[in-house]
Asker: 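Below is one structure. I have some questions about it.
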Amino acid sequence: MDKLIIKGGKKLAGDVTVSGSKNAALPIFISTILAPGMNEIQNVPFLRDINTTIKVLESLGAEIQGNGNIVRIDTSRLSGHEATYDLVKTMRASVLVLGPLLARFGKARVSLPGGCAIGARPINLHLKGLEALGADITLEHGYVEARARRLKGARINFDISTVGGTEQLLMAAVTAKGETVLENAAREPEIVDLADILTKMGARIEGAGTDTIRINGVSELQAVTHSVMPDRIEAGTFMTAAAITGGDIRIHNMRLDHLDALVFKLQDAGVEITHKDDVVRVKGPKRIKSINIKTRPYPGFPTDMQAQIMALMTIAEGASVISENIFENRFMHVSELLRFGADIIVEGNTATVKGVKKLSGAPVMATDLRASASLILAGLASDNTTEVSRIYHLDRGYEAIEKKLAGLGAEIKRVKED
Ligand code: EPZ
């Protein structure tokens, strides 16, 4: 296993380019199941989760060319309709094949994803929505068995805002008979990107990005070419890296409008953010001011930036109250941040962070994807050296982050863990 060695204290400076969005690319890859033929996906990030998604599609019979920036996916001759436990336990987003397989073949067998470090993350709303579209769903031996002659449009109202649930039902509904309305739908930009490729394929979708999405079923979809949107969480992580090191960086190929909630909070903390076209300049202040954070579904403050903003708050002036309202166990980075000398108290879903003058580097362990990023940020701001182990979590969602940070002047390198 690899680990990262970081010598902190450097102010970041220079230019960095954001890669394509992991959380847009995964459902976009899976949507090609609906469109037989050669689909070309561009601006693809080079990530472990992308490789896992490629394995899932190949296990269904897709032919895939390339695994770098451009990936061609031929779904003309799909033979399977099963996503097995070993693939789904590696990446829970594999469950998104359920809807497209049901829509195209009328049957699917997908492993239940099981638990995850940050929470139980059930898929009950996915299954309830598919049943509303006329699917027969049974659960046995840890698998979802789904059958449907032809899915029929329905009104579906989500009890809670679910990104995956909205994506699942959007993909299931595009070739269902009649109209489907998704109420209390998630509004994340990644859903808009998925709706964009589905529309290019021939789907009829209105309202993606709002909380009510209307879909009129069509009989078939065509294979297309599509470029994945920039990764807003990677961009937000680099913005926070500039803030925590008092640096001054320019970030290329990002959509600032995808990060309003984060931008307003960073500006409240004293960070200067300006932009021209798709280049965003981020300048950290001498001392960060503390701010309070509540994670919320989009356009609220993103839960995927909670660990990173907490790292920033550990050196802010004053106290910050951070509440995590999306997942029930997303504070695992706290015990590792305490090893840097941070002052954090957790009560239920709320963490109170009292800013300290300086963090001191320490050996720490990554526990999940975004927790890994927060430990790197703390390491960048610490004096002396930090070692972050178990960074396979990191490689799921950040493309060569140590190279990108080194390009901004950070002293960071990846070494083999002995
Ligand atoms: C997506 O996960 C993202 N992953 C997550 O990013 C992100 O944190 C999350 O959305 C919230 O924004 C991908 O897009 C691949 P949800 P998803 O369904 O779809 C509950 C990262 O770091 N829920 O919006 O699984 C669920 O337990 C990852 O990149 C149900 O109860 O999230 C959670 O508490 C982490 N029943 C809440 O809803 C369901 O059927 C939001 O989950 C579905 C969800």
Asker: For the pair V353 and D343, evaluate side chain to side chain contact (heavy atoms under 4.5 Å, CB included) and give the outcome as yes or no after the intermediate values.
Answerer: CA-CA 6 Å; V353 185; D343 178 350; over 6 Å; no
Asker: With side chain to side chain contact (heavy atoms under 4.5 Å, CB included) as the criterion, how do H126 and V144 come out once you've worked through the C-alpha distance, each side chain's angles and the decisive distance to 0.1 Å?
Answerer: CA-CA 11 Å; H126 298 228; V144 177; over 6 Å; no
Asker: Given 3.5 Å as the limit, does a donor-acceptor pair link the side chain of Q168 with the main chain of G99, or not?
Answerer: yes
Asker: Given 3.5 Å as the limit, does a donor-acceptor pair link the side chain of R339 with the main chain of P363, or not?
Answerer: yes
Asker: In Å and rounded to the nearest 0.5 Å, what is the NE2 to OG1 distance from H226 to T32?
Answerer: 12.0 Å
Asker: Any donor and acceptor pair, going by atom type alone, linking the side chain of N292 with main-chain N or O of V321 inside 3.5 Å?
Answerer: yes
Asker: Is a donor from one side chain sitting under 3.5 angstrom from an acceptor on the other, for K55 and T90?
Answerer: no
Asker: Closer than 3.5 angstrom, by distance alone: can the side chain of D231 be matched with the main-chain N or O of S19 as a donor-acceptor pair?
Answerer: no
Asker: Would a distance-only check, ignoring hydrogens and angles, find a side-chain to backbone donor-acceptor pair under 3.5 Å from E417 to K3?
Answerer: no
Asker: Salt bridge check: are E234 and K22 linked by an N-O gap of less than 4.0 Å?
Answerer: no
Asker: When rounded to the nearest 0.5 angstrom, what distance separates OG1 in T237 from CD1 in I309?
Answerer: 10.0 Å
Asker: Strictly by modelled atom types, are T138 and E145 linked by a side-chain donor-acceptor pair under 3.5 Å?
Answerer: no
Asker: Spell out, as yes or no, whether a donor-acceptor pair under 3.5 Å connects the side chain of R287 to the backbone of I315.
Answerer: yes
Asker: Tell me whether E188 contacts the main-chain N or O of Y298 through its side chain, where contact means a donor paired with an acceptor under 3.5 Å.
Answerer: yes
Asker: Does the side chain to side chain contact (heavy atoms under 4.5 Å, CB included) test come out yes or no for L169 and I213, once each step is laid out?
Answerer: CA-CA 10 Å; L169 276 304; I213 304 177; over 6 Å; no
Asker: Restricting to non-hydrogen atoms, name the atom on P285 and the atom on A269 that form the minimum distance, rounded to 0.1 Å.
Answerer: CG-O, 4.0 Å
Asker: Do T175 and L151 have side chains that approach each other closer than 4.5 Å (heavy atoms only, starting at C-beta)?
Answerer: no
Asker: Please give me the minimum heavy-atom distance between L98 and A108, naming the atom from each residue.
Answerer: CD2-CB, 3.8 Å
Asker: Test your reading of the model: is there a side-chain donor-acceptor pair from S290 to the backbone of S320, 3.5 Å cut-off?
Answerer: no
Asker: If you measure from CE on M305 to CE on M310, what distance do you get to the nearest 0.5 Å?
Answerer: 12.5 Å
Asker: Looking only at non-hydrogen atoms, find the nearest pair between T17 and K404 and report the distance.
Answerer: O-NZ, 2.9 Å
Asker: In Å and rounded to the nearest 0.5 Å, what is the CE to CD1 distance from M171 to I33?
Answerer: 7.5 Å
Asker: Considering only NZ, NE, NH1 and NH2 on the basic side and carboxylate oxygens on the acidic side, decide whether R48 and D395 come within less than 4.0 Å.
Answerer: no
Asker: State the CZ-OG1 distance between F331 and T367, to the nearest 0.5 angstrom.
Answerer: 12.5 Å
Asker: Could you go through the salt bridge (charged side-chain N to carboxylate O under 4.0 Å, His left out) check for R396 and D368 one step at a time?
Answerer: CA-CA 9 Å; R396 296 192 53 176; D368 60 85; over 6 Å; no
Asker: Please report the C-alpha distance between D15 and H252 in whole Å, then the side-chain angles of each, then the deciding distance to 0.1 Å, and finally whether the side-chain hydrogen bond (donor to acceptor under 3.5 Å, both in side chains) criterion is met.
Answerer: CA-CA 7 Å; D15 297 81; H252 299 253; 2.7 Å; yes
Asker: What closest approach, in Å, do T166 and A186 show between heavy atoms, and which atom pair accounts for it?
Answerer: OG1-N, 3.0 Å
Asker: Find out whether L405 and I6 are in side-chain contact, i.e. whether some heavy atom of one side chain is under 4.5 Å from a heavy atom of the other.
Answerer: no
Asker: Are side-chain heavy atoms of Y398 and H393 found at a separation under 4.5 Å?
Answerer: no
Asker: Testing the 3.5 Å rule here: is there a donor-acceptor pair between the side chains of E324 and T303?
Answerer: yes
Asker: Go through it in stages, so that I can follow the logic: the residues are Y143 and T84, the test is side chain to side chain contact (heavy atoms under 4.5 Å, CB included), and I'd like the CA-CA distance, side-chain angles, deciding distance and then a yes or no.
Answerer: CA-CA 8 Å; Y143 275 77; T84 56; 3.8 Å; yes
Asker: Evaluate whether atom NZ of K265 has more than 12 neighbouring non-hydrogen atoms of other residues, nucleotides or ligands under 6.0 angstrom away.
Answerer: yes
Asker: Has the side chain of Q306 got a donor or acceptor atom that lies under 3.5 Å from a matching backbone atom of I293?
Answerer: no
Asker: Could you tell me whether E347 atom CD has more than 12 heavy atoms of other residues or ligands within 6.0 Å of it?
Answerer: no
Asker: Which residue is it: L96, L130, L112? I am looking for the one with a side chain to side chain contact (heavy atoms under 4.5 Å, CB included) to I123.
Answerer: L112
Asker: Nearest heavy-atom pair of G236 and L259: which atoms, and what distance?
Answerer: N-CD1, 3.9 Å
Asker: Supply the atom-to-atom distance T314 OG1 to K358 NZ, rounded to the nearest 0.5 angstrom.
Answerer: 10.0 Å
Asker: Indicate the atoms forming the closest heavy-atom contact of G66 with I54, along with that distance.
Answerer: O-CD1, 4.2 Å
Asker: With no hydrogens and no angle check, is any side-chain donor or acceptor of N329 less than 3.5 Å from a backbone partner on A117?
Answerer: yes
Asker: Kindly determine whether R72 and E40 satisfy salt bridge (charged side-chain N to carboxylate O under 4.0 Å, His left out), including the steps that lead there.
Answerer: CA-CA 4 Å; R72 291 185 186 82; E40 179 173 300; 2.9 Å; yes
